Amino acid sequence: MSTYQEAHHDAHHKVHHEAVEEHRDTHRDTEALLAVLDAADRMPSATRLRDRSYELLSLVPGSTVVDVGCGAGRAVGELAGRGVRAVGVDPGRSMLAAARERWPEAEFREAGAEELPFADGSVRGYRADKVFHLLREPGRAVAEARRVLCPGGRIVLVGQDWDAIMIDSSDAALTRTIVHARADILDMPRAGRQYRGLLLTGGFDDVTVEVHTSVFTDPAMLSLLERLVDPVCAAGAVGRDQADEWLAEQRRRAESGRFLVAIPFFVASASASASASASASASA
């Protein structure tokens, strides 16, 4: 083998190795996130919140309902069990792979909230749970929801207010710093409190808003706080030593049954009017 061939082989091997490592890292990240989401979804308060979102969709048997940002597909499976044609949409391939593995009979498509793979007026229900805080242009997503919804179709948005997470701690100032710093990293950390305005601006009718506070005391939710802290440290808002001391206190609280996190979830719902759907079709 020539020197050139050896160099080319080494470079190819390095690229392949890096690609494999990146895939493994993505897989590990997805698995870690799924573990946190699964722990949260199993909580009775989370089950009640999902049930409330399905109720607000005013489900019509046989109609199409899209779950945007479906993640691992739990809501898609539950909606299908209620007699509708549920379609899960998510931009993350690793999440969709997990969803298809968990719900092999369900329908999933790869797409973002701003460009849905549905014809105008072809959907009866639209649901997005813990999605809008990740969007840079939530108004575009609302306009896209209006486009795909039929006249009278229902939209339900669910999401936490990242700036209002409450954590019992002996260091209130540091806790406040961590919560606000984590919120500031997101594109739309206060999306929940903005749902009403977004839906009204988007031309929806009968807009209503509810707030449901979920209280977590299970030590399994410690992983949520770790995922809260790590990006804050990476951003330099809090020192690693400070963060580790703070987490250590939370672990001691969990061991002694004194762990508590409370998160307010906004639930907004509305209907697509005939005029709104018509104007959306005209502008498409």
Side-chain angles (χ1 to χ4, degrees), residues 33-34 36-57 65-76 78-79 86 88-92 95 99 111-114 116 125-146 149 154-167 179-202 204 207-216 221 224-225 227-228 231 261-271:
L33 178 57
L34 282 173
V36 174
L37 293 176
D38 286 344
D41 283 345
R42 284 192 292 267
M43 300 291 178
S45 59
T47 301
R48 289 193 296 270
L49 195 61
R50 288 197 305 278
D51 287 343
R52 179 56 178 156
S53 74
Y54 306 154
E55 180 183 352
L56 289 168
L57 283 169
V65 175
V66 57
D67 189 49
V68 177
C70 65
R74 184 185 299 270
V76 176
E78 291 177 347
L79 285 166
V89 172
D90 200 285
M95 274 295 179
E114 299 88 348
L116 297 174
Y126 174 108
R127 178 182 182 274
D129 186 350
K130 296 185 285 294
V131 173
F132 272 54
H133 67 276
L134 298 171
L135 304 180
R136 292 184 177 179
E137 299 180 88
R140 282 185 59 200
V142 170
E144 184 69 347
R146 189 183 66 175
L149 280 168
R154 295 285 292 167
I155 181 172
V156 176
L157 305 178
V158 182
Q160 67 271 52
D161 191 311
W162 285 79
D163 231 3
I165 295 175
M166 295 159 276
I167 304 166
V179 169
H180 293 329
R182 182 64 184 93
D184 289 343
I185 295 171
L186 298 166
D187 288 316
M188 290 285 294
R190 291 164 289 280
R193 67 182 80 171
Q194 297 169 354
Y195 286 162
R196 183 174 184 272
L198 285 167
L199 292 172
L200 289 171
T201 301
F204 283 90
V207 180
T208 64
V209 180
E210 305 171 359
V211 180
H212 300 251
T213 301
S214 293
V215 178
F216 303 102
M221 294 307 293
L224 172 67
L225 298 190
R227 294 184 69 87
L228 193 75
V261 176
I263 305 176
F265 285 88
F266 283 78
V267 183
S269 62
S271 299

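All of these numbers come straight from a predicted model, not from anything done at the bench. We number each residue from 1, following the sequence as shown.
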Any side-chain heavy-atom pair from [X] and [Y] closer than 4.5 angstrom?
X    : Y    : result
V209 : V267 : no
F266 : E210 : no
E144 : E114 : no
V142 : T201 : no
Y126 : V68  : yes
P138 : H133 : no
E78  : Y54  : yes
R193 : D163 : yes

Of all heavy-atom pairs between [X] and [Y], which one has the smallest distance, and what is that distance?
X    : Y    : value
A99  : G73  : CB-N, 4.0 Å
A113 : L135 : CB-CD1, 4.2 Å
P264 : A164 : CD-O, 3.5 Å
A270 : V207 : CB-CG2, 3.8 Å
C70  : D90  : N-OD2, 3.4 Å
V158 : S53  : CG2-CB, 4.0 Å

Look up atom [atom1] in [X] and atom [atom2] in [Y], then write down how far apart they are to the nearest 0.5 Å.
X    : Y    : atom1 : atom2 : result
F265 : S45  : CZ    : OG    : 7.5 Å
F204 : L149 : CZ    : CG    : 5.5 Å
S214 : I263 : OG    : CD1   : 7.0 Å
I155 : S269 : CD1   : OG    : 9.5 Å
L224 : I165 : CG    : CD1   : 6.5 Å
R190 : Y195 : CZ    : OH    : 13.5 Å

When you look at L157 and D129, which way does the side chain to side chain contact (heavy atoms under 4.5 Å, CB included) test go after all the steps? CA-CA 6 Å; L157 305 178; D129 186 350; over 6 Å; no
D67 pairs by salt bridge (Lys or Arg N to Asp or Glu O under 4.0 Å) with which of R127, K130, R74?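 In the set R127, K130, R74, the residue that makes a salt bridge (Lys or Arg N to Asp or Glu O under 4.0 Å) with D67 is R127.
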Using a 6.0 Å distance limit plus a 45 degree cone around the ring axis, check whether R182 lies over the aromatic ring of W162.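 Output yes; distance and angle both within limits.
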Salt-bridge contact R136-D187 (side-chain N to carboxylate O under 4.0 Å):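 Salt bridge: yes.
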Step by step, work out the side chain to side chain contact (heavy atoms under 4.5 Å, CB included) result for R48 and H212. CA-CA 10 Å; R48 289 193 296 270; H212 300 251; over 6 Å; no
Decide side chain to side chain contact (heavy atoms under 4.5 Å, CB included) for L79 and L57; before the verdict, give the C-alpha distance in whole Å, the side-chain angles of both, and the deciding distance to 0.1 Å. CA-CA 10 Å; L79 285 166; L57 283 169; 4.2 Å; yes
Can you tell me if R50 uses its side chain to pair, donor with acceptor, with the backbone of A75 under 3.5 Å?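 Not confirmed, R50 side chain does not pair with A75 backbone.
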